[in-house]
Amino acid sequence: MARPEIAWLPGDGIGAEVLPAARLVLDAAGFQADYLPGDIGWAFWRKEGTPLPDRTIELLRSTDCAFLGAVTSKPDPDARSELPERLRAKGARYSSAVLRIRRMFDLYTCLRPCKSFPGNPGNMSEGIDITILRENTEGMYSGAEWDKIPQELYNIRGMERVPRQAAITIRAVTRKASHRIAKAAFWRAGKGPRRVDAPGGGRPGTGDGRRLVTAVHKANVMRATDGVFLAATREVALEHPEVGYEEMLIDACAMQLVRDPRRFDIIVTTNLFGDILSDLCAQLVGGMGFAPSANIGEKYAMFEPSHGSAPDIAGQGVANPVAAILSAGMMLDWLGEKERAAALERAVAEVIQEGRVRTPDMGGTMGTMAMATAIAAKLRKGT
Ligand code: IPM
Ligand code: MG
């Protein structure tokens with residue numbers, strides 16, 4: 001790829017603070033790109049009645065990938081109450097910018113690695129290395145919702161179980177989307193290094209060195225939707241005997257993740273389950289400050305820390321930038337800059353291990369840019 005063009009979207013709150021930190025590190029890695037700033041977030045909702053103006057969508061269309069800080073989103077009456085009368089009268093409705101981008105660009109894989117970097121005081125245990133692949137375009141995020149069920153729907157068999165006056169959200173699961181996220185999971189498992197189980201029974205996995213994919217579902221209750229998801233996942237599993245495969249109910253998985261996180265390797269699941277499990281896994285390895293993410297489609301990708309805009313700490317320069325910096329590493333990897341990506345991760349690991357720079361979430365007192373500067377310095381030294 002020639003010099004890549006990156007849509008650079010700071011957004012709200014700490015999003016705008018962690019992006020300069022990520023940029024410092026990208027520069028220190030010697031990565032050359034054009035960063036094209038774009039408007040996104042709460043300020044644009046309030047001024048223009050949309051958090052994602054058309055000009056930003058155009059910017060995304062014309063770039064190789066996007067890097068996003070964070071976007072505030074609030075539930076409905078609160079969102080509308082912040083609009084000027086002029087826009088409220090037009091009936092502007094808030095819809096999440098991130099979700100729109102994921103759907104519009106068909107960024108169907110939400111990739112969320114959670115690794116316990118040695119020496120991180122927030123680790124629940126050392127040796128955790130879990131990657132979540134979350135289906136990113138459908139499921140409970142279908143966007144088909146009604147505050148009041150349309151009368152016509154009551155003509156359908158089965159609807160007698162749904163109380164009148166209920167609000168509903170449609171959980172849409174297709175074979176196509178399930179199959180492609182499963183393929184992404186097995187492809188990732190197949191291409192990775194064989195597992196070496198840690199001494200002392202560290203990561204049991206399949207016990208024979210194969211990588212392990214865990215499909216997480218609730219097919220005993222949501223038989224139709226998770227039935228489709230599991231059927232597609234099994235089909236892909238059969239094509240990959242080199243990878244271990246298991247299925248786990250979402251509730252049991254939440255418990256097992258807390259009980260024995262090192263037994264997990266790759267988790268593949270539907271949209272909302274992935275949303276929830278990825279926050280759970282983040283906390284296993286120090287919290288949201290250590291949780292990067294990538295939204296990847298066939299042609300485009302958007303990278304973002306998994307955390308939100310964190311209004312409680314915004315403006316203080318104390319947000320942990322590691323999640324954003326690791327997301328930048330995922331961007332390098334996606335752009336084919338494998339060595340720079342690996343060097344970036346090594347630099348993060350070293351700074352965490354040394355323990356001289358600690359942000360408040362790690363029990364320290366140092367700020368966003370101090371952390372980024374330390375990581376950038378390691379990279380410049382060529383770790
Ligand atoms: C995430 C976030 C988003 C999601 C919100 C902000 C819409 O929680 O990226 O995990 O639910 O996907
Ligand atoms: Mg989330």
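Every number for a ligand or one of its atoms is a count from 1 in the order of the listing.
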Mind telling me whether Phe186 and His240 have parallel, tilted or perpendicular rings, with 30° and 60° as the class edges? parallel
For ligand 1, output the ligand-protein N/O contacts shorter than 3.5 angstrom; if there are none, return none.
| unit_1 | atom_1 | unit_2 | atom_2 | d |
| --- | --- | --- | --- | --- |
| ligand 1 | 8 (O) | Asp275 | OD1 | 3.3 |
| ligand 1 | 9 (O) | Arg102 | NH2 | 2.8 |
| ligand 1 | 9 (O) | Arg112 | NH2 | 2.7 |
| ligand 1 | 10 (O) | Arg112 | NH1 | 2.9 |
| ligand 1 | 10 (O) | Arg112 | NH2 | 3.2 |
| ligand 1 | 10 (O) | Arg134 | NH1 | 3.3 |
| ligand 1 | 10 (O) | Asp275 | OD1 | 2.8 |
| ligand 1 | 11 (O) | Tyr141 | OH | 2.6 |
| ligand 1 | 12 (O) | Arg102 | NH1 | 2.7 |
| ligand 1 | 12 (O) | Arg134 | NH1 | 3.2 |
| ligand 1 | 12 (O) | Arg134 | NH2 | 2.7 |

Do Arg103 and Glu138 sit within salt-bridge range, that is, some charged N less than 4.0 Å from a carboxylate O? no
Under-4.0 Å salt bridge between Arg188 and Asp265: no
Please check this pair: side chain of Thr72 against backbone of Ser309, looking for a donor-acceptor N/O pair closer than 3.5 Å.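 Answer holds: no.
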Compute the ring centroids of Phe67 and Phe303, then answer whether they are less than 6.0 Å apart.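 Ring centroids of Phe67 and Phe303 are no less than 6.0 Å from each other.
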Would a line drawn from the ring center of Tyr94 to the ring center of Trp42 be shorter than 6.0 Å?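 When the ring centroids of Tyr94 and Trp42 are compared, they turn out to be within the sub-6.0 Å range.
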Protein N/O/S atoms under 2.8 Å of the Mg ion (ligand 2)?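 Near the Mg ion (ligand 2), the protein supplies Asp275 OD1.
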Please say whether the positively charged group of Arg134, taken as NZ for Lys or CZ for Arg, lies over the ring of Phe273, i.e. under 6.0 angstrom from the six-membered ring centre and within 45 degrees of the axis.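 Verdict for Phe273: no cation-pi partner in Arg134.
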Is the terminal nitrogen or CZ of Arg180 (NZ for Lys, CZ for Arg) located under 6.0 angstrom from the six-membered ring centre of Tyr108 and within 45° of that ring's axis? yes
Hey, does Pro292 have a side-chain heavy atom less than 4.5 Å from the side chain of Pro305? no
